[in-house]
Amino acid sequence: KKHDKNNIRYFKNTHRLKHKNGNWIWVLGKSQIIFNKNGKKVRMIGTHTDISEEKELLLKYSHQAQMIRQINDAVISTDLDGNIESWNLGAQHIFEYHANEIIGKHISILYRQEDREALKKHISILMDTGAHAVDFYFVKKSKDTIPISLSLSLLKDENGINMGIIGYIRDITQRVEDEEELLNQKALLTYQAHHDALTGIPNRILFNDRLEDGINRAQRNKSQLALLFIDLDNFKDINDSLGHVAGDEVLQEVATRFQNVVRKEDTVARLGGDEFTIILENLGHKDNASLVAKKVLQVLSNAITIKNNNLHVSCSIGISIYPQECDNADALLWYADVAMYRAKNKGRNNFQFYS
């Protein structure tokens with residue numbers, strides 16, 4: 001009836017027919033209406049062509065196109081010059097541009113200014129290898145940067161000729177944040193493992209590492225190193241009279257004062273209790289160790305105020321010198337400890353060299 005009304009002579013349509021084997025197939029029908037000399041329709045001739053394969057391919061491509069448009073990750077295609085040709089909803093979600101704002105513009109709009117040269121490098125690698133993947137930072141419409149995982153591949157025609165570039169882009173913000181959190185946690189654990197929890201200065205573990213490294217450097221540079229072993233005098237009396245909280249505050253203040261009398265490259269460490277050490281590298285002369293020891297005694301001469309109590313704290317110091325006394329860390333520490341007890345026996349509040 002439709003054909004009669006519109007007086008159509010030629011027409012075609014696509015429909016499904018049932019095959020002899022019971023399967024339904026897609027058929028392209030082409031027909032022609034034959035008229036007699038009086039203009040009356042007398043018959044219709046035509047052909048049916050099985051287009052099931054073509055139809056399946058079209059449906060497949062249609063499904064793939066819908067998937068690409070709808071997935072959360074960005075899928076962007078450009079020509080070989082880098083001009084954007086397609087832009088899916090994932091790209092809109094990640095980079096904030098709508099398709100009509102971005103299609104036709106150069107892909108470099110997503111690159112930071114300082115990374116424009118890297119774009120050339122990426123394309124060069126892609127052309128040589130056919131595929132390239134890299135973690136990178138892109139710029140959103142708001143000018144905020146976003147970490148992304150970028151996978152590039154070449155788009156080819158039926159003859160294998162390069163005709164464009166496809167970029168598959170994933171937002172890896174969460175992954176980067178998780179990695180940073182793990183690094184921060186690792187750094188914190190490393191710091192806690194190597195620093196005294198009370199005073200924040202190096203603990204025995206880090207002290208041993210620093211002493212070994214210092215001796216190795218002194219050996220290479222043919223230089224001297226001094227080790228000061230410091231023990232506070234009568235510290236037990238403070239804990240017994242004012243309590244351990246007050247004693248901890250004294251230790252914190254003492255550690256701060258010791259750090260203020262040495263160079264940045266020197267190491268102040270707490271071995272435990274009221275025992276401290278100072279490593280002095282690049283010691284020009286033995287007398288330089290004496291100068292630092294005198295500063296340590298002097299810096300403790302000023303009272304420490306805890307709970308409205310002015311506490312007068314002194315210390316005994318033992319000093320050993322590398323390489324005069326020994327050539328290893330254990331012996332150097334032992335000799336400094338022996339010299340410290342000699343200072344105790346000489347009345348405290350003084351320093352002695354190991355001999």
Side-chain angles (χ1 to χ4, degrees), residues 12-16 26-28 30 49-179:
K12 63 180 180 179
N13 63 359
T14 301
H15 52 277
R16 302 183 74 184
W26 284 99
V27 173
L28 172 62
K30 295 181 180 180
T49 305
D50 184 350
I51 57 168
S52 297
E53 287 190 13
E54 292 88 339
K55 191 67 175 179
E56 287 176 5
L57 280 175
L58 287 174
L59 290 172
K60 177 181 177 181
Y61 294 150
S62 176
H63 291 160
Q64 289 177 341
Q66 289 184 50
M67 291 169 59
I68 290 173
R69 283 196 299 269
Q70 300 298 329
I71 61 175
N72 291 327
D73 296 327
V75 181
I76 304 169
S77 68
T78 72
D79 61 20
L80 293 176
D81 293 324
N83 300 307
I84 297 172
E85 294 185 330
S86 69
W87 184 265
N88 74 332
L89 289 176
Q92 177 181 316
H93 174 73
I94 294 173
F95 300 113
E96 302 170 348
Y97 292 99
H98 287 78
N100 59 357
E101 297 178 284
I102 198 82
I103 288 178
K105 294 185 177 179
H106 198 268
I107 193 66
S108 60
I109 193 175
L110 299 178
Y111 280 70
R112 297 181 299 185
Q113 188 65 39
E114 62 268 28
D115 295 331
R116 297 292 171 85
E117 286 299 315
L119 171 58
K120 298 178 182 178
K121 179 182 177 182
H122 295 165
I123 299 304
S124 177
I125 295 173
L126 174 64
M127 292 303 176
D128 289 340
T129 63
H132 180 53
V134 64
D135 289 347
F136 215 62
Y137 277 88
F138 270 3
V139 180
K140 300 196 291 186
K141 181 181 179 181
S142 62
K143 305 305 179 186
D144 293 332
T145 57
I146 181 173
I148 54 98
S149 176
L150 171 64
S151 297
L152 296 174
S153 59
L154 287 171
L155 180 64
K156 299 177 180 292
D157 63 15
E158 61 274 11
N159 297 316
I161 304 300
N162 296 335
M163 56 181 294
I165 299 170
I166 297 177
Y168 178 79
I169 301 165
R170 172 166 291 179
D171 179 357
I172 57 171
T173 300
Q174 189 61 54
R175 190 186 86 188
V176 170
E177 290 177 352
D178 291 343
E179 289 173 352

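Note that these values count all heavy atoms, side chains included, but never hydrogens, waters or copies made by symmetry.
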Which residues pass the side-chain hydrogen bond (donor to acceptor under 3.5 Å, both in side chains) test with Gln174, sequence neighbours left out? Asp178

Identify, with sequence neighbours excluded, every residue that meets side chain to side chain contact (heavy atoms under 4.5 Å, CB included) alongside Asn159. Asp157, Ile161

Filter on salt bridge (charged side-chain N to carboxylate O under 4.0 Å, His left out), then keep only pairs touching residues 161-171, sequence neighbours left out; what's left? Asp73-Arg170

Can you name the ring pair (Phe, Tyr, Trp, His ring centres under 6.0 Å) partners of His132, sequence neighbours left out? His122

Just how far is it from atom OH of Tyr97 to atom OG of Ser142, taken to the nearest 0.5 Å? 8.5 Å

Residues passing the side-chain hydrogen bond (donor to acceptor under 3.5 Å, both in side chains) test with Thr129, sequence neighbours excluded, are none

From CD1 (Ile166) to CG (Leu152), nearest 0.5 Å: 10.0 Å

Minimum heavy-atom distance Ser149-Ile172, with the two atoms named: CB-CG2, 3.8 Å

By side-chain hydrogen bond (donor to acceptor under 3.5 Å, both in side chains), Ser86 pairs with (sequence neighbours left out) Ser77

Working to the nearest 0.5 angstrom, can you tell me the gap between Phe136 CZ and Leu110 CG? 11.0 Å

Tell me whether Lys121 is salt-bridged to Glu117, with the criterion being a basic N under 4.0 Å from an acidic carboxylate O. no

Run the side chain to side chain contact (heavy atoms under 4.5 Å, CB included) test against Leu154 and tell me which residues pass, sequence neighbours left out. Leu126, Met127, Lys156, Asn162, Ile165

Interatomic distance, Ile148 atom CD1 to Ile94 atom CD1 [nearest 0.5 angstrom]: 8.5 Å

Any salt bridge (charged side-chain N to carboxylate O under 4.0 Å, His left out) involving residues 84-97? Give me the pairs, sequence neighbours left out, ordered by first then second residue. Glu96-Lys140

Could you work out, with side chain to side chain contact (heavy atoms under 4.5 Å, CB included) as the rule, every residue matching Thr145, not counting sequence neighbours? Arg112, Tyr137, Val139

Can you sort out the partners of Asp79 under salt bridge (charged side-chain N to carboxylate O under 4.0 Å, His left out), two or more places apart, ordered by chain and number? none

Taking only residues two or more places apart in sequence or in another chain, which ones pass side chain to side chain contact (heavy atoms under 4.5 Å, CB included) with Ser151? Ala133, Tyr168

Only pairs under 3.5 Å count here: list side-chain donor-acceptor contacts from residues 100-109, not counting sequence neighbours, and write none if there are none.
residue	atom	partner	partner atom	Å
Glu101	OE1	His98	N	2.7
Glu101	OE1	His98	ND1	3.4
Glu101	OE1	Lys141	NZ	3.4
Glu101	OE2	Lys141	NZ	2.6
Lys105	NZ	Glu101	O	3.4
His106	ND1	Ser108	N	3.1
His106	ND1	Ser108	OG	3.0
His106	NE2	Asp81	O	2.8

